[in-house]
Amino acid sequence: MTQTPSDSGRFQSFAAFYPYYIHEHSNRTCRRIHVVGSALVIVAALLGLFVNGWWFAAMPVIGYGFAWVGHFFFEKNRPATFQYPLWSLMGDWRMFFETVTGQRKF
């Protein structure tokens, strides 16, 4: 069962938001694209630290670019980041770590 926002129209906690976030990523291809995008964000961060600081500017373009392609072309829904930017970012990383540690199917 998917959590829904409270009467105020907003989720009251990340714990309440995360099941909604996962439901919005039910398409396997969308989830895979998110995971690849998140991995590339880590690569860009490392390149920013060790090669050229301009890679830091590429991080949001890479991360959101991959995620939004997944939503618009495969999931066919509106990214949660438009309404819940911080919790959506937290959800991206939680889903990423659940996937790379084998807790969630890739």
Side-chain angles (χ1 to χ4, degrees):
M1 181 172 158
T2 303
Q3 293 277 350
T4 57
S6 69
D7 292 338
S8 69
R10 304 288 296 169
F11 288 98
Q12 298 302 307
S13 68
F14 179 71
F17 170 78
Y18 192 63
Y20 164 78
Y21 175 88
I22 290 300
H23 176 73
E24 294 293 297
H25 296 83
S26 57
N27 179 281
R28 189 175 184 183
T29 302
C30 179
R31 282 194 315 275
R32 286 177 171 178
I33 291 172
H34 272 64
V35 170
V36 169
S38 294
L40 290 174
V41 166
I42 293 170
V43 170
L46 292 172
L47 289 170
L49 283 173
F50 299 112
V51 176
N52 183 318
W54 283 102
W55 281 102
F56 291 121
M59 290 169 57
V61 174
I62 293 168
Y64 287 118
F66 273 74
W68 292 354
V69 164
H71 283 285
F72 294 133
F73 294 102
F74 297 97
E75 195 73 55
K76 305 226 186 289
N77 64 11
R78 187 171 183 252
T81 194
F82 293 159
Q83 189 171 5
Y84 301 97
L86 180 58
W87 284 353
S88 180
L89 181 62
M90 290 168 59
D92 286 344
W93 289 108
R94 180 172 171 183
M95 184 173 69
F96 174 78
F97 286 110
E98 287 176 353
T99 303
V100 299
T101 59
Q103 299 172 51
R104 186 168 299 283
K105 282 188 174 183
F106 182 69

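Only heavy atoms go into these numbers, but all of them, side chains included; no hydrogens, no water, no symmetry mates. Count residues from 1 along the sequence.
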> Is it true that Val51 and Trp54 fall in one hydrophobic cluster, defined by side-chain heavy atoms closer than 4.5 Å?
no

> Quick one: pull up CE in Met95 and OG in Ser88 and give me the separation to the nearest 0.5 Å.
9.0 Å

> As an exercise, state the distance from OH of Tyr84 to CG of Leu89, rounded to the nearest 0.5 Å.
16.0 Å

> Same cluster for Val36 and Tyr64 if Ile/Leu/Val/Met/Phe/Trp/Tyr side chains link at under 4.5 Å?
yes

> Using a 4.5 Å cut-off on heavy atoms from C-beta on, say whether the side chain of Glu24 contacts that of Arg78.
no

> Looking at Phe17 and Ala80, what are the two nearest heavy atoms and their distance?
CZ-CB, 4.1 Å

> Hey, does the Lys NZ or Arg CZ of Arg32 hover above the aromatic six-ring of Phe106, less than 6.0 Å from the centre and inside 45° of the axis?
yes

> Could you measure the distance from the CG atom of Leu40 to the CG atom of Leu47? Nearest 0.5 Å is fine.
10.0 Å

> Are Tyr18 and Phe96 in one and the same hydrophobic cluster, where Ile, Leu, Val, Met, Phe, Trp and Tyr link if side-chain heavy atoms are under 4.5 Å apart?
no

> Minimum heavy-atom separation for Glu98 and Thr101, please, with both atom names.
O-OG1, 3.4 Å

> Compare every heavy atom of His23 with every heavy atom of Glu75, then report the nearest pair and how far apart it is.
OE2-O, 4.5 Å

> Between Ala57 and Val61, what is the shortest heavy-atom contact and its length?
O-CG2, 4.0 Å

> Are any of the side-chain heavy atoms of Val41 and Trp93 separated by less than 4.5 Å?
yes

> What is the distance from atom CZ of Phe74 to atom CZ of Arg28, rounded to the nearest 0.5 Å?
13.5 Å

> Heavy atoms only: give me the nearest Phe66-Ile33 pair and the separation to one decimal.
O-CG2, 2.9 Å

> Please check if atom CZ in Phe73 has more than 12 non-hydrogen atoms from other residues, nucleotides or ligands closer than 6.0 Å.
no

> Closest approach of Ile62 and Ala44, non-hydrogen atoms and distance?
CD1-CB, 4.0 Å

> Kindly indicate whether the side chain of Phe56, heavy atoms from C-beta on, has any atom under 4.5 Å from the side chain of Leu49.
yes

> Ignoring hydrogens and geometry, is there a side-chain-to-backbone donor-acceptor pair from Gln12 to Arg10 under 3.5 Å?
yes

> Assert yes or no for the condition that the ring centre distance of Trp68 to Phe82 is strictly below 6.0 Å.
yes

> Do Tyr21 and Asp92 have side chains that approach each other closer than 4.5 Å (heavy atoms only, starting at C-beta)?
yes

> Should the pair Tyr20 and Phe11 be assigned to parallel (<30°), tilted (30 to 60°) or perpendicular (>60°) ring geometry?
tilted

> Just do the side-chain contact (heavy atoms from CB on, under 4.5 Å) check on Phe97 and Gln103 with the steps written out, would you?
CA-CA 8 Å; Phe97 286 110; Gln103 299 172 51; over 6 Å; no

> Using the six-membered ring wherever Trp is involved, compare the ring planes of His34 and His71 and label them parallel, tilted or perpendicular (cut-offs 30° and 60°).
perpendicular

